[in-house]
Amino acid sequence: MQGKQILVGVTGGIACYKVCDLVSKLRQKGADVHVVMTAAAQELVTPHTFKSLSGNPVSTELFYDPKSVPHINLADKADLVVIAPATANIIAKMAHGIADDLLSTLVLACKCPIIIAPAMNVNMYSNPIVQENLEKLKIAGVKTIGPNSGNLACGTSGKGRMAEPLEIFHFVEEVLHNKKDLEGRKILISAGGTREPIDPVRYIGNRSSGKMGYALANAASKRGAQVTLVTTIIRDVEPGINVIEVETAQEMHDEILSQSCDSDMIIMAAAVADFKPKNVKNEKIKKLEKEGLIIELERTPDILKSLGKNKRKDQILIGFAAETQNLAENALEKLKKKNLDMIVANDVTCEGAGFGSDTNIVTIYDKRGNQKEFPLLSKFEISNKILDYALQMCSG
Ligand code: PMT
């Protein structure tokens, strides 16, 4: 997002106040954010607020300066336009090419991708005229995020709530990263934490949510790769990703190894159990009068190590290292021991990094002795950094 010029169009929906957060997030990620407000939006949030958050003047008027043509200047420079909230009014104007204020005029002049985040009353949203206008915009290539269902400002509930700022932010990231540089490559990715049964109702597991592996799969798929995802957790994925559900380390091992020969790149983001109960009980273990319980554990297969042993020369093998101390030392040891091309190390004790969060903080180490640190980024952004790095490794 660094250096990208993003134009945020704010129209007169009560969700305007949430867009302050979006503008702030975009700017924090290095985007050059310019806000354009309609007259109705200015009744709800002042331009001054957006000026402070974006660090740029806010545009509100079509005819304020006889020497410049603001709608053309803004439209020409923008890499992306986001209209949030997008009221039924702006949607109707866009669908019919009406240009009667700065925002509606400049979207007509824009050649870059446009995202709208509709927000309105549930009955307005389901009105066939609004739906028809949205359909027209879809056909014209305008991308839509939301609306979500939930409580609405008018006191009712239903579909019409603007997508959350973080969802819009991730969508902006996705649209900006619309390059197809992984076309023709087959990528195998693992996600989630394995579950090792103790008895029919209990298992040994870990805190992995699968978000990192899914972000990688979605990012790779958007860039044109043919992706197979072997996962213990089911989440939303890009259409076209081949999702294979497994539970245990052994099942993940078997699936990954059977798919590996055919893969150009393998990324093990899953948190795989190192041990499993030696004897899985067929019946639920009873408390009885026991003071404690000893469960004997045995090693699970090391999937990455097996992949490293059988690696093809032209295959890129990427591991993760989840560490709580000595990040570099432990990651480098795994890189070498498992014969990897790259390892992505995360200190899972850091705030915003590791398990469960939507963000991560990682350092990539490669087999040539290079390393690259990344600050706190969304898991989707990190995924694109990992894929960029892997592509560089491929090209030597
Ligand atoms: O899923 P999230 O909530 O988004 O969290 C993301 C994450 C913290 C799980 C992810 O960023 C991460 O660090 N994944 C690797 C977790 C892990 O198992 O790390 P490890 O250091 O124990 O293992 C090193 C590597 O060997 C990993 O690539 C792992 O997949 C692999 N491994 C481990 C054990 C085993 N038996 N077989 C393996 O292949």
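As the structure lists them, so they are numbered: ligands from 1, and atoms in each ligand from 1. Just so you know, these numbers use all the heavy atoms, side chains as well, and skip hydrogens, waters and symmetry mates.
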query = Is E164 salt-bridged to R161, going by a charged N under 4.0 Å from an acidic O?
reply = yes

message = Test your reading of the structure: does L304 have an N or O sitting under 3.5 Å from an N or O of ligand 1?
response = yes

query = Any nitrogen or oxygen of A271, main chain or side chain, under 3.5 Å from a nitrogen or oxygen of ligand 1?
reply = no

query = Considering distance alone, does some N or O of G356 sit under 3.5 Å from an N or O of ligand 1?
reply = yes

query = Could you give the distance from CD (E238) to CG (N218), rounded to the nearest 0.5 Å?
reply = 5.0 Å

Separation between CZ of F355 and CZ of R207, rounded to the nearest 0.5 Å = 8.5 Å

remark   = Numbered in order shown, the ligand 1 atoms found under 4.0 Å of a heavy atom of K211 are 1 (O), 2 (P), 4 (O)

message = For ligand 1 and A322, I'd like to know whether there is a polar contact (N/O to N/O, distance under 3.5 Å).
response = yes

inquiry  = So for atom NZ, which belongs to K143, do other residues, nucleotides or ligands contribute more than 12 heavy atoms lying within a distance under 6.0 Å?
reply    = no

ask   = What protein heavy atom is closest to atom 29 (C) of ligand 1, reported as residue, atom name and distance in Å?
value = A270 O, 3.5 Å

ask   = Would the number of heavy atoms belonging to other residues, nucleotides or ligands and lying under 6.0 Å from CZ of R223 be above 12?
value = yes

key: atom 2 (P) of ligand 1 [closest protein heavy-atom partner, distance rounded to 0.1 Å]   = S209 OG, 3.4 Å

query = Say you draw a straight line from OG1 of T38 to CD of E43; how long is it, rounded to the nearest 0.5 Å?
reply = 9.5 Å

ask   = What residue and heavy atom of the protein are closest to atom 12 (C) of ligand 1, and at what distance?
value = F320 CD2, 3.7 Å

ask   = Looking at M212, which atoms of ligand 1 are within less than 4.0 Å of one of its heavy atoms?
value = 4 (O), 6 (C), 11 (O)

key: Residue F374 excluded, over 12 heavy atoms near CZ under 6.0 Å   = yes

task = Could you tell me whether N346 and ligand 1 have an N or O pair separated by under 3.5 Å?
result = yes

key: Shortest protein heavy-atom distance from atom 36 (N) of ligand 1, along with the residue and atom involved   = P301 O, 3.0 Å

query = Quick check: does G319 get an N/O under 3.5 Å from an N/O on ligand 1?
reply = no

query = Which bit of H253 gets closer than 4.0 Å to ligand 1, counting heavy atoms only: side chain, backbone, both or neither?
reply = neither

task = Examine the proximity of ligand 1 to K379 and report which part, side chain or backbone, both or neither, has a heavy atom under 4.0 Å away.
result = side chain

request  = Pick one of side chain, backbone, both or neither for how A273 approaches ligand 1, counting any non-hydrogen atom pair under 4.0 Å.
outcome  = backbone

